[in-house]
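Here is the structure we will look at.
Bear in mind the structure is a predicted one, so any value in this text is a computation, not a measurement.
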Amino acid sequence: MKLLLIHSDFIEYEVKDKAIKQPEETTIKKGRLDEALTAFTAVEKIDEKSPSQSVKQTADEIIKTAEQLKVKNIMLYPYAHLSSNLASPKKAQEILIEIEYELKQNNYNVKRSPFGWYKSFKISCKGHPLSELSREIVPVDEESESLKKERKLSSYWNILTEDGQLLDIGKFNFEGHENLRKFSFYEKEKSRAVKQEPAHVKLMQKLEIADYEPASDGGNMRFYPKGRFIKKLIEEYVTKRVVEYGGLEVETPIMYDMDHPTLSKYLQRFPARQYQVESDKRNFFLRFAACFGQFLMAHDATISYKNLPLKIYELTRYSFRREQSGELTGLRRLRAFTMPDVHAMVSDLEMAMSEFKVRFDLCLSVLNDIGIENDDIEMALRTTRDFYEKNKNFLIDLVKKFKKPILIEMWDERIFYFILKFEFNFVDMSDKASALSTDQIDIENGERYDIKFTDKNGTQNHPLILHCSPSGAIERVIYALLEKEAMKMNKGQKPMLPLWLSPTHIRFIPVDNKFIKDCEEYVNVLKNISELYHIRSDIDDREESVSRKIRDAEKEWIPVIIVIGEKEKTGKKFTPRFRAVSIGDSNKSYSINELFELIKSQIKGFPQATSPLPTYLSKRPKFK
RNA sequence: GCCGCUGUGGCUUAGAGGCAUAGCGAUUCCUUGGUAAGGAAUAGGUCGAGGGUUCAAUUCCCUCCAGCGGCUCCA
């Protein structure tokens with residue numbers, strides 16, 4: 001529904017010719033209203049999907065404005081030209097009549113100009129700031145509203161311990177489980193102790209990782225070379241792990257037809273959350289997950305029980321969710337994000353559960369390897385009471401794998417499409433919790449998308465589907481890594497990115513220009529020593545003092561800093577500044593080969609890439 | 001989306017109804033260096049955008065945009 005509201009001294013119209021085949025029958029050819037709020041309206045396709053919601057929301061919006069302006073007269077004026085995606089005339093007329101009725105119920109003096117006619121009209125707009133307003137109304141589906149209410153009413157929050165005790169949140173002793181306490185209360189009470197801006201925002205800018213892009217929509221970030229590099233490596237790593245697990249990597253479109261029979265039903269539940277794209281006469285929405293493409297692909301595939309579990313994987317760049325503007329922050333919550341998404345089609349619940357376990361291990365291992373350890377995350381399970389009772393030991397086994405108590409939310413009845421879901425949540429310095437890895441057992445969409453596999457007996461069945469993101473959104477992983485380092489800084493420790501993600505491993509600092517040549521030689525030795533492992537080294541060739549260059553390198557979180565002068569040149573040994581004792585010993589000397597081995601041993605198994613920036617610092621622009 | 005706060009060169013910031021501050025960074029020059037800032041000069045501004053009040057607005061008022069905090073939300 002599109003609305004154009006005009007606070008007018010008067011509005012008058014006169015009916016001329018038919019605009020559509022069967023316009024509204026009317027005997028009144030002229031109408032006028034003084035001191036009125038004129039509401040030009042265009043009923044749109046989307047309003048047809050939940051007309052009663054549309055009526056209610058539109059009436060509410062008009063009433064709100066009328067109250068502000070203190071007017072009692074309302075002219076409801078159909079004006080098709082406000083939208084290029086109109087509802088059918090019949091529906092539109094019905095909706096307008098309903099709105100008129102609704103407004104009259106609220107004691108407004110309402111006139112409605114007849115539908116489907118060309119009319120001449122005169123209007124006098126008052127011209128003050130509030131006198132001209134346009135509004136777009138997207139009806140919120142009533143069913144989903146009620147579902148949400150129901151969910152809130154009947155969900156139970158508990159803590160499940162490793163030894164299988166199920167305790168009420170209020171009764172659990174959170175001593176030694178500070179983050180679980182924060183996470184639990186964040187989830188249940190939405191309460192927050194600390195109120196400050198997230199620490200990673202400054203860091204992502206200072207380190208030239210990512211930044212806001214004012215020329216785009218909110219939550220669509222720009223990534224600088226270093227950020228793109230880090231993001232790419234994480235993407236590659238997650239993909240590698242999923243492919244090893246057996247995921248078949250695919251690529252699917254980012255936009256889908258809103259009127260596609262299978263998708264539209266699913267979409268109706270969340271109508272306000274997508275970006276929409278128009279192309280000729282069709283309307284598309286930008287995907288908010290990888291499900292659509294993969295399910296449609298699976299729908300057309302011939303699948304035998306022998307193929308199960310069938311794992312399909314895509315790294316979506318991007319998935320889009322039009323989160324409310326007030327909810328967007330830094331890299332934590334975005335409108336465009338990169339999501340690894342691996343589905344597994346399984347034959348039955350038994351296979352689903354055994355696969356769930358495999359993927360649980362995968363998620364935990366992926367996060368750990370990226371640099372987010374068990375101590376950094378809290379686990380949540382969400383399920384039905386029934387599933388819990390029947391599979392208690394299965395769930396407790398998961399808690400044992402996680403090695404600390406978890407939050408469990410239960411419903412009396414299944415409300416969503418899944419019966420079991422787990423999440424690993426990161427709790428940041430502001431006590432906000434964000435989900436990283438997740439997996440769920442979906443028992444609805446196999447049928448909804450009509451995906452079929454043939455079983456031993458030759459009969460066709462719908463599979464159950466597991467939805468998993470082993471790491472969560474890649475941007476959010478970066479957020480978590482940065483927040484983790486910010487916490488370290490708070491404790492007076494040096495922050496650092498994991499070695500495999502550092503854009504520069506070794507910074508060479510010549511004490512004099514004449515040693516630049518030697519630095520080049522070392523960089524080349526490191527480059528050529530192996531084709532498999534890339535040690536990323538660079539040279540600070542700027543006209544600055546040595547201590548200045550060291551300071552800048554430290555500010556850039558460079559893991560290994562080496563000053564090159566006469567001593568190094570002749571001795572062929574270096575005494576680097578290691579950012580952490582875990583990398584190396586700053587009191588010892590290393591040859592170039594020893595350095596290579598040292599770093600190699602720590603980046604083995606991770607994606608390898610050469611530096612994203614010029615070797616010489618003098619060649620690098622400052623992006624921030 | 002709602003309520004509140006904020007918006008001054010690339011960055012951090014001072015200021016106030018009447019010539020717009022400084023530091024960092026950049027550029028040029030000097031310095032030719034040994035483990036967290038060597039020195040000097042120069043350039044760089046529609047004071048977030050649009051409208052209004054005023055002789056005069058970056059400053060006051062309104063609208064919009066963006067960021068932050070809270071609410072809501074997170075399929």
Quick one: is B:G70 close enough that its OP1 or OP2 comes under 4.0 Å of any side-chain N or O from A:Lys432? yes
Protein-proximity profile, nucleotides 36-50 of chain B, B/S/- by nucleotide at the 4.0 Å heavy-atom cutoff, equals BBS------------
Relative to each other, are the rings of A:Tyr256 and A:Phe285 parallel, tilted or perpendicular (30° and 60° limits)? tilted
So, is B:C19 syn or anti if syn means the angle is within 90° of 0? syn
Looking at A:Arg321 and A:Glu327, does any basic side-chain N land under 4.0 Å from a carboxylate oxygen? no
Inter-nucleotide [atom1] distance ([N], [M]), Å rounded:
{"N": "B:C62", "M": "B:U53", "atom1": "C1'", "answer": "11 Å"}
{"N": "B:G52", "M": "B:U58", "atom1": "P", "answer": "13 Å"}
{"N": "B:U46", "M": "B:U59", "atom1": "C1'", "answer": "15 Å"}

Are the ring of A:Tyr212 and the six-membered base ring of B:G67 within the stacking cut-offs of under 5.5 Å and under 30°? no
Show the nearest heavy-atom pair for residues A:Met496 and A:Pro559, with the distance to one decimal. SD-CB, 4.3 Å
Which pair of non-hydrogen atoms, one from A:Glu485 and one from A:Lys494, has the smallest distance, and what is that distance? OE1-O, 4.4 Å
Atom CD of A:Glu213 and atom C1' of B:G67: how far apart are they, to the nearest Å? 14 Å
Kindly express the pairing pattern of RNA chain B in dot-bracket notation, using | wherever a base pairs with another strand and counting only Watson-Crick or G-U pairs under 3.5 Å. (((((((..(((.....[...))).(((((.......))))).....(((((..]....))))))))))))....
For the residue pair A:His200 and A:Tyr479, is the inter-centroid distance of their aromatic rings smaller than 6.0 Å? yes
Of all of residues 504-519 of chain A, which get a heavy atom below 4.0 angstrom from RNA chain B, listed by number? A:Val511, A:Asp512, A:Asn513
Quick check: on RNA chain B, is the nucleotide nearest A:Ser325 upstream (toward 5') of the one nearest A:Lys567, or the reverse? Name the residue that is more 5'. A:Ser325
Between the CZ atom in A:Arg287 and the CD atom in A:Glu314, the distance rounded to the nearest 0.5 Å is 4.5 Å
